[in-house]
Visitor: 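My questions all concern the structure below.
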Amino acid sequence: MKEIRDFRKIIENHNIPEILDREYIINLYKESKYYEAFAFTMMWGKINAERPQKGYKGDKTRTPFYCALNHGKINIENALIASKKELENSNIKGAYQLFNSDYKIPGIGSSYFTKILFFQGLANNMEVMPLIYDKWTKLIHVELLVEENEIDKLTQFYSKNQLSKLSTESANYTEMGLSIKIKRNSSNLDISIKDNFEEEAYADYVNRMNVLASNYGIKVNSLEEYLFGKELRSKKNRNKSNPRVVLLEAINKNLARLFDN
DNA sequence: TGTCAAAATCACATCTAGGT
DNA sequence: ACCTAGATGTGATTTTGACA
């Protein structure tokens with residue numbers, strides 16, 4: 001209860017801009033307003049504040065955002081301070097690992113806590129820029145590993161079974177004249193927890209993207225933004241100039257070849 | 001055929017029960 | 001022990017369909 005009041009207080013005290021843009025959030029990190037930075041990062045990422053976890057139908061106190069805020073201001077601040085410290089030592093793996101162990105924030109999985117790392121990287125102009133690691137950027141990682149012929153790493157990080165399904169499963173976009181097929185469920189690319197390769201996979205992705213961007217002489221977040229592409233929700237975005245579509249096509253083709261579908 | 005409203009579908013991530 | 005499918009709510013978009 002007290003924890004939620006802390007959140008209410010910052011909402012009341014902030015002149016929240018109509019559009020919550022990156023600059024606004026980066027400044028919160030620069031000013032070391034960790035709790036505010038966290039809350040606005042989550043809102044920027046459109047964290048679910050309405051939908052309770054499985055088994056808690058109708059209970060709004062079991063939504064990811066509520067669970068996270070309920071963890072308390074101090075704990076959240078400590079988590080962000082700890083991850084910043086790891087990043088300052090260029091320890092991407094360590095920063096990632098924190099949020100899965102000692103500084104776990106309930107309701108906040110890798111898709112969301114990597115958003116924190118991303119902003120911390122931007123705010124402090126880190127040497128190696130951390131990136132957001134979610135469903136789509138994991139697909140970018142998969143494709144990079146395939147293209148760079150790192151098949152051992154690919155199957156070490158990601159489940160072989162799930163990879164093979166990427167080119168065969170359910171929904172397809174044949175109406176675009178494409179043969180893209182991809183499973184709709186977001187769990188399709190959950191990283192194998194076996195042997196704790198999760199943070200290693202993340203560090204590998206971040207590193208590859210940083211190297212790639214540096215080779216092209218562009219900023220890594222620009223590269224990510226480009227590769228991430230436009231959402232596919234809207235039909236008008238489903239065309240061959242959308243990088244997501246290109247990505248899916250490439251993955252389909254490459255994984256079908258690799259796994260003999 | 002055009003219009004508008006109603007109904008259906010989809011995108012998203014986290015967590016956990018249950019299967020192998 | 002490892003892995004996977006499914007539940008869960010909302011708002012945006014798309015499809016359906018009623019009617020002139």
Side-chain angles (χ1 to χ4, degrees), chain A residues 18-20 38-39 41-71 76 79 96 98-101 103-118 131-142 154-176 178 180-202 205 224-225 228-239 242-245 247-248 259:
Chain A
E18 288 208 12
I19 297 167
L20 193 54
F38 170 79
T41 300
M42 295 303 111
M43 290 188 276
W44 175 80
K46 298 191 172 75
I47 190 171
N48 171 23
E50 299 290 341
R51 186 175 199 161
Q53 293 161 358
K54 190 177 176 179
Y56 296 97
K57 195 180 170 81
D59 183 356
K60 295 282 171 90
T61 68
R62 304 304 288 252
T63 65
F65 199 31
Y66 196 102
C67 289
L69 293 172
N70 211 25
H71 192 48
I76 288 168
Y96 186 100
L98 285 178
F99 287 102
N100 268 344
S101 53
Y103 293 93
K104 166 78 184 163
I105 301 171
I108 305 302
S110 65
S111 295
Y112 278 90
F113 69 67
T114 55
K115 289 175 173 53
I116 297 171
L117 301 180
F118 172 69
L131 297 168
I132 293 166
Y133 198 41
D134 61 12
K135 172 182 169 174
W136 283 95
T137 57
K138 279 173 187 168
L139 288 178
I140 293 170
H141 188 207
V142 167
L154 177 70
T155 51
Q156 188 180 40
F157 295 151
Y158 298 94
S159 147
K160 228 174 186 172
N161 183 36
Q162 288 176 2
L163 287 169
S164 71
K165 281 181 183 172
L166 270 182
S167 53
T168 58
E169 274 289 336
S170 63
N172 64 65
Y173 292 99
T174 48
E175 73 270 19
M176 288 183 269
L178 304 171
I180 291 158
K181 297 170 187 168
I182 183 168
K183 246 182 111 179
R184 285 246 157 81
N185 194 313
S186 62
S187 66
N188 68 334
L189 270 182
D190 274 356
I191 293 176
S192 164
I193 294 159
K194 181 183 156 195
D195 298 326
N196 287 331
F197 277 122
E198 206 179 319
E199 63 270 15
E200 201 163 319
Y202 176 66
Y205 166 66
E224 188 219 63
E225 233 172 296
F228 191 81
K230 288 180 179 159
E231 58 167 326
L232 295 173
R233 179 199 302 258
S234 174
K235 258 195 167 177
K236 63 181 186 294
N237 288 337
R238 293 185 199 165
N239 57 65
N242 185 334
R244 287 202 200 193
V245 172
L247 178 66
L248 288 176
F259 295 99

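Convention: sequence-line order gives letters A, B, ...; per-chain numbering from 1.
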Visitor: Which atom pair, heavy atoms only, marks the closest approach of A:Lys138 to A:Tyr158?
Guide: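 The answer is O-OH, 3.8 Å.
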
Visitor: Could you tell me the separation between the NZ atom of A:Lys115 and the C1' atom of B:dA13, rounded to a whole number of Å?
Guide: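 Answer to the nearest Å: 9 Å.
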
Visitor: Just to verify, what does A:Lys104 make a side chain to side chain contact (heavy atoms under 4.5 Å, CB included) with, not counting sequence neighbours?
Guide: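 In terms of side chain to side chain contact (heavy atoms under 4.5 Å, CB included), with neighbours along the sequence ignored, A:Lys104 is linked to no residue.
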
Visitor: Can you name the atoms? Protein N/O to nucleotides 10-12 of chain C N/O, anything below 3.5 Å, with the distance.
Guide:
| residue | atom | partner | partner atom | Å |
| --- | --- | --- | --- | --- |
| C:dT10 | OP1 | A:Lys60 | NZ | 3.3 |
| C:dG11 | N2 | A:Arg233 | NH1 | 3.0 |

Visitor: Any idea which of C:dC3, B:dC12, B:dT14 is nearest the A:Tyr112 side chain?
Guide: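 Closest nucleotide among those given: B:dT14.
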
Visitor: By nearest atom, which of the nucleotides B:dC15, B:dC12, C:dT4 is closest to the A:Lys104 side chain?
Guide: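 When the side chain of A:Lys104 is considered, B:dC15 is the closest of B:dC15, B:dC12, C:dT4.
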
Visitor: Is there a side-chain contact (heavy atoms from CB on, under 4.5 Å) between A:Ile108 and A:Phe65? Walk through the geometry before answering.
Guide: CA-CA 8 Å; A:Ile108 305 302; A:Phe65 199 31; 5.9 Å; no

Visitor: For the residue pair A:Trp44 and A:Phe118, categorise the inter-ring angle as parallel (less than 30°), tilted (30 to 60°) or perpendicular (more than 60°).
Guide: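 A:Trp44 vs A:Phe118 ring planes: parallel.
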
Visitor: Please give, in whole Å, the distance from B:dT20 C1' to A:Lys160 NZ?
Guide: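 Result: 18 Å.
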
Visitor: Which residues pass the side chain to side chain contact (heavy atoms under 4.5 Å, CB included) test with A:Ser101, sequence neighbours left out?
Guide: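 Checked A:Ser101 against side chain to side chain contact (heavy atoms under 4.5 Å, CB included); matches are A:Gln97.
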
Visitor: Looking at B:dT14, C:dC3, B:dC12, which one has an atom nearest to any side-chain atom of A:Ser111?
Guide: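 Looking only at side-chain atoms, A:Ser111 lies closest to B:dT14.
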
Visitor: Compute the centroid of each ring, for A:Phe113 and then for A:Tyr96, and state whether the two points are separated by less than 6.0 Å.
Guide: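 Judged by ring-centre distance (under 6.0 Å), A:Phe113 and A:Tyr96 do meet the cut-off.
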
Visitor: Can you tell me the distance, in whole Å, between the CE atom of A:Met43 and the P atom of B:dA13?
Guide: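 For the pair A:Met43 CE and B:dA13 P, the rounded distance is 18 Å.
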
